[in-house]
Amino acid sequence: MAKEIEIIYEEEYVLNSRGMKLLATKWIPANENPKALVFMCHGYAMECSITMNSTARRLVKGGYAVYGIDYEGHGKSDGLAGLVMNFDDVIDDCFTHFSKICG
C-alpha cells in the first residue's frame, strides 16, 4: 500500500516593489524533500488559494512542492479587482517571488 503524503498548506503576504501586499501560497510535502519545485501562475480574474488547490495537492502527492502568488488586483492581494496597469509588473512580481524561493 502506498504511503499517503501529508500536505502542508501555508499563506503569507509579501510586498512587491510598488508596496502592494500580494498573497503567496505554498503546498509542500510534510515529511519528505520534494523532487522539484513547481511555480503556478493563475489566469486573469482568478486566484491561487482556491482555484489552484486541487492541482497543487495532486502535484504534492506526486512528490513536488508547489508555490503560487495572487497578482495585484486578484484574489486576496491588494489592488482594484481585476485591474493590472502594467503586465510587466505582474511578470516582475512573479519572477522576484519565485526567485527568492529558489534561493
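Both backbone and side-chain heavy atoms feed into the values below; hydrogens, waters and symmetry mates do not. Numbering of residues begins at 1 and proceeds along the displayed sequence.
Residues Glu72 and Asp78 fail the side-chain proximity criterion, which asks for heavy atoms closer than 4.5 Å. Inter-residue side-chain proximity for Val60 and Arg58 is flagged as unmet; no heavy-atom pair is nearer than 4.5 Å.
Follow the hydrophobic side-chain contacts under 4.5 Å out from Val90 and you never reach Leu83; the two are in separate clusters. In terms of hydrophobic clustering, with Ile, Leu, Val, Met, Phe, Trp and Tyr side chains grouped at heavy-atom distances under 4.5 Å, Ile101 and Ile8 are assigned to a common cluster.
Counting only distance, with no hydrogens or angles, the side chain of Asp70 and the backbone of Leu23 share no donor-acceptor pair below 3.5 Å. Checked by atom type and distance alone, the side chain of Asp93 never pairs as donor or acceptor with a backbone atom of Asn16 at under 3.5 Å. A donor-acceptor pair under 3.5 Å is absent between the side-chain atoms of Thr51 and the main chain of Met46, judged by distance alone. Judged by distance alone, with hydrogens and angles left aside, the side-chain atoms of Ser99 form a donor-acceptor pair with the main-chain N or O of Phe95 at under 3.5 Å. Using modelled atom types, no side-chain atom of Tyr9 and backbone atom of Asn53 make a donor-acceptor pair closer than 3.5 Å. Checking side-chain atoms of His74 against main-chain N and O of Ala45 turns up a donor-acceptor pair under 3.5 Å. The backbone N or O of Gly82 sits less than 3.5 Å from a side-chain atom of Tyr44, completing a donor-acceptor pair.
Judged by a 6.0 Å distance limit and a 45° cone about the ring axis, Lys21 is positioned over the six-membered ring of Tyr13.
Of the charged side-chain nitrogens involved, at least one lies within less than 4.0 Å of a carboxylate oxygen, so that Glu4 and Lys61 count as a salt-bridged pair. With respect to the salt-bridge test (charged N to carboxylate O, under 4.0 angstrom), the residues Glu12 and Lys26 do not qualify.
The structure places OG1 of Thr25 at 10.5 Å from OH of Tyr67, a figure rounded to the nearest 0.5 Å. Put simply, CG on Leu15 and CG on Leu22 are 8.0 Å apart, with the number rounded to the nearest 0.5 Å. Considering CD1 of Ile28 and CG of Leu37, their distance stands at 10.5 Å, rounded to 0.5 Å. Taken to the nearest 0.5 Å, the CG atom of Asn86 stands 8.5 Å off from the CD1 atom of Ile91.
Nearest heavy-atom pair across His42 and Tyr71 is O-OH, 2.7 Å. Shortest non-hydrogen contact noted between Ala65 and Pro34 is N-CB, 3.6 Å. The nearest pair of heavy atoms linking Cys41 to Met52 is C-SD, 4.3 Å. Across all their heavy atoms, Glu47 and Ser49 have their closest contact at OE1-OG, 2.6 Å. In plain terms, the two heavy atoms of Trp27 and Cys48 that are nearest each other are CH2-O, 3.4 Å.
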task = Check the pair Phe98 / Ile69 against side chain to side chain contact (heavy atoms under 4.5 Å, CB included), numbers first and verdict last.
result = CA-CA 9 Å; Phe98 296 145; Ile69 190 167; 4.1 Å; yes
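By the 6.0 Å contact criterion, OH on Tyr64 is open, its count of non-hydrogen atoms from other residues, nucleotides or ligands being 12 or less.
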